[in-house]
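What follows is a short report on a single structure.
Proteins get letters first, then strands, A, B, ... in listed order; numbering begins at 1 in each.
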2 protein chains.
Amino acid sequence: MNLEHIAKLSGVSRSTVSRVINNEPSVTDTTRERVLEVIQRLNFQPNVVARSLAGGRTRVLGLVIPMGVARLFTDPYFPIFIQGVTSACNAHDHSMMLWLAEPEYERRMINQIVNAGLIDGVIISSSLIDDSLIDSLIGDNLPFVLIGRHPTNASINYVDVDNRESARQVVNHLLRKGRRRIATITGPQNMIAGLDRLEGYLIGLREWGLIPDPELIVDGSFSEEGSYLAVNRLLSRPIDAIFAASDTMAVGAIRAVREAGYRVPEDISVVGYDDIPLAAHTVPPLTTIRQPTQKMGALAVETLIDIIENPGLPPRRIILSTELVIRESD
Amino acid sequence: MNLEHIAKLSGVSRSTVSRVINNEPSVTDTTRERVLEVIQRLNFQPNVVARSLAGGRTRVLGLVIPMGVARLFTDPYFPIFIQGVTSACNAHDHSMMLWLAEPEYERRMINQIVNAGLIDGVIISSSLIDDSLIDSLIGDNLPFVLIGRHPTNASINYVDVDNRESARQVVNHLLRKGRRRIATITGPQNMIAGLDRLEGYLIGLREWGLIPDPELIVDGSFSEEGSYLAVNRLLSRPIDAIFAASDTMAVGAIRAVREAGYRVPEDISVVGYDDIPLAAHTVPPLTTIRQPTQKMGALAVETLIDIIENPGLPPRRIILSTELVIRESD
DNA sequence: CTGAAAGCGCTTACAG
DNA sequence: CTGAAAGCGCTTACAG
């Protein structure tokens, strides 16, 4: 079943059927109705592939998540984010193609993405700073939006949350609670979220005239286990609070703190970041930063479609605000 | 840049370039080398869309996960499974398209999947029993494989683990440890994994001549919270063990048990299913069934490609074995 | 072993 | 407002 088929049955040409399908205004209402009736009766679905080849647009969006990101395997952040992307794709009549970028295939994949013409644009989540994929995309003029701002290139479209501001707010909150020896478990420093959350922590301390102690800054790589190990090391020094750059790391931190015989929050406060579903159910329930994860996914899709349909406009740089959710870990 | 372009530069016809790209044997080595040299020099990538339209095959596979499955948001099972699918797609030069099936869009989506010609086949994960998508797929002759066996239709291809046998094994293990009042937290009974794990539990009890007590069977809907609530209800009766049909539910069970003042495993054993990464790190570490989640994803892809390339062969029904991992929750 | 040509199912100037 | 025709970039009989 194809356009020709529908055309014959409704007594018009293939061109007209195409126009009806694409909602072009230049069709009589009566003609339109006649054609639509046939389309519906036959439950006709135009062939996406042919449409793409002729029209130069596939209505398929790529979502790239670097696999190196170990988070993926344990952090509920991703499913929630992906859900936001998928819903928005559905709502805008697009499809989503997921790529988990494995290093071994990366080169071939970049090529596929950029040159094969399968997709109209790309969303890159949790990209590493200076990801070579970004350069490829720029070089080949394929529209893309980043989740997380780009530190240097101002012409790149992105959707992000205000990581620095919210981290600063966490530190501020802890300081107001009387904490003074605040440690932080950071994410990888080659990811913008890792970088910015650390910077916010530093800003927060300095605002209160405190000098950050490098020994209280340890890397947890956005993983539960990484954080657990980091906090074990940390506990040899006197600390009274921990800001973990993700809830998953906060969970690891709490585990380490309690195993060492300290109480949360009486001895050591623990604050996280993300507000994943689990955060409300840890013991004690986690104070954390709520970020609109699902909304970021949806906004990324909408921004990308906008860029595809309106090239040449100035870059969109969208920063969403967050919210400090105070529960019982302090 | 297209075939014509490459053809001109290497002094052959478009047809020959196509043959080289598709590795057809009927090309002289010298011709082949000449063409390949040009392709590599220009880093040429054939247009996937045109290829699909002409060849009738897109090399794109769809992965459908019903969103109703609340698990998705909290259960690490999915990222691991998706990772298996993606890797296998890469390895076999295919791409993967992810659909999270939202009820509201479902009808349109089925149409898209089945009729738009965008994909060569579909993998359905965690499908509900009697999912209407399955009927659509059968009706339209689109190749597909299920994760989880189909209870009635023997002609359907699937990859599954032996849920019944492994659940039976868990019960057997607990009975050998001297437990006699064994409760189970089940998954939804409209999912084959939920169904089969319950059945295995029943078989295990009966093997020892025990009569299952309906009051010890409660639904946890494959979620942490669902399980927590279910176990709260359960604790009014004297029980000495809980078999949770997923690790995520086991975590909820442990939480409820401990909050009620009982010890795990001294008072109540808790055994899970899945062996997610967290299972080794719960307090106490979880005894559970390890299933080859990633491998299931990869096998589903390979099976699907096989079906696409060799239609008409008898249905593949693949059952993978599992492993009881004994840790400290008993 | 290779090339010329038809065809995959659409879109889109162009002409009327 | 509508149709005939060219074209998107490939694959694949067919002929030689």
Side-chain angles (χ1 to χ4, degrees), chain A residues 1-36 38-39 42-60 93 95 111-112 114-120 308-309, chain B residues 1-36 38-39 42-60 93 95 111-112 114-120 308-309:
Chain A
M1 192 159 41
N2 57 25
L3 282 198
E4 199 64 51
H5 208 82
I6 303 294
K8 214 152 274 170
L9 286 174
S10 35
V12 297
S13 77
R14 200 172 20 166
S15 319
T16 300
V17 177
S18 173
R19 290 187 188 107
V20 169
I21 286 172
N22 291 296
N23 258 315
E24 284 177 31
S26 68
V27 180
T28 327
D29 279 355
T30 47
T31 311
R32 186 187 305 281
E33 271 164 37
R34 195 147 33 101
V35 174
L36 280 177
V38 176
I39 288 179
L42 272 65
N43 189 21
F44 171 70
Q45 197 74 16
N47 181 299
V48 172
V49 171
R51 228 175 157 176
S52 305
L53 184 57
R57 188 171 165 194
T58 61
R59 301 188 79 83
V60 175
D93 196 21
S95 296
N111 244 290
Q112 242 180 299
V114 170
N115 296 316
L118 224 191
I119 57 182
D120 294 337
I308 292 168
E309 295 182 342
Chain B
M1 190 159 44
N2 55 27
L3 281 198
E4 199 62 53
H5 207 83
I6 304 293
K8 214 153 272 169
L9 286 176
S10 36
V12 297
S13 76
R14 201 171 20 165
S15 320
T16 300
V17 177
S18 172
R19 289 186 188 108
V20 170
I21 286 171
N22 291 295
N23 259 315
E24 284 177 32
S26 69
V27 181
T28 327
D29 280 355
T30 48
T31 311
R32 184 186 307 278
E33 272 165 36
R34 196 146 34 101
V35 175
L36 279 177
V38 176
I39 288 178
L42 272 65
N43 189 22
F44 170 72
Q45 199 73 16
N47 181 299
V48 172
V49 172
R51 229 175 156 175
S52 305
L53 185 57
R57 187 171 165 193
T58 62
R59 302 189 79 83
V60 174
D93 197 20
S95 296
N111 243 290
Q112 242 181 301
V114 169
N115 296 317
L118 224 192
I119 56 181
D120 294 337
I308 292 167
E309 296 182 342

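Residue order along DNA chain C, read from the 5' end via each residue's closest nucleotide, puts B:P25 first among B:P25 and A:N2. A residue-by-residue look at B:T28 and A:G55 shows that B:T28 has its nearest nucleotide of DNA chain C further toward the 5' end.
As judged by a 4.0 angstrom heavy-atom cut-off over every strand, A:T16 is placed among residues touching the sugar-phosphate backbone only. Backbone-only engagement by A:T31 is indicated by non-hydrogen atom pairs under 4.0 Å involving sugar-phosphate atoms exclusively.
Of all non-hydrogen atoms in B:M1 and B:N43, the two that sit nearest each other are CE-O, 4.5 Å. Taking both residues in full, the closest heavy atoms of A:V49 and B:G117 are given as CG2-O, 3.5 Å, listed atom of the first, atom of the second, then distance. For A:S13 against A:A7, the heavy-atom pair with the smallest separation is C-CB, 3.7 Å. Heavy-atom minimum distance, A:F44 versus A:N2: CE1-CA, 3.7 Å.
Partners of A:S10 by side-chain hydrogen bond (donor to acceptor under 3.5 Å, both in side chains), not counting sequence neighbours: none found. Not counting sequence neighbours, the partners of A:A50 by the side chain to side chain contact (heavy atoms under 4.5 Å, CB included) test are A:N47, B:L53. Under the side chain to side chain contact (heavy atoms under 4.5 Å, CB included) criterion, B:R19 pairs with B:S15, B:T16, B:E24, B:S26, B:V27, sequence neighbours left out.
Between B:L3 and B:I21, the closest side-chain pair of non-hydrogen atoms falls below 4.5 Å. At least one side-chain heavy atom of A:L118 sits less than 4.5 Å from a side-chain heavy atom of B:V60. You'll find the side chain of B:L9 reaches within 4.5 Å of the side chain of B:L42, heavy atoms only. Taking the side chain as every heavy atom from C-beta outward, B:R32 and B:N23 approach each other to under 4.5 Å.
Within residues 17-24 of chain A, the residues approaching DNA chain D are A:R19, by heavy-atom distance under 4.0 Å. Contact check of residues 4-15 of chain B against DNA chain D (heavy atom, cut-off under 4.0 Å) returns B:R14, B:S15.
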*Under the 3.5 Å Watson-Crick or G-U criterion, the dot-bracket string of DNA chain C, with | for inter-strand pairs*: |||.||||||||.|||
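Among residues at least two apart or in separate chains, salt bridge (Lys or Arg N to Asp or Glu O under 4.0 Å) pairs with a member in residues 7-16 of chain B are B:E4-B:R14. Applying the side-chain hydrogen bond (donor to acceptor under 3.5 Å, both in side chains) definition to pairs two or more places apart or across chains, those involving residues 48-60 of chain A are A:N22-A:R51, A:R57-A:H94, A:R57-A:E309, A:T58-A:D120.
On the nucleic acid side, DNA chain D contacts chain B at distances under 4.0 Å to non-hydrogen atoms, with the end points of that region at D:dG9 to D:dA13.
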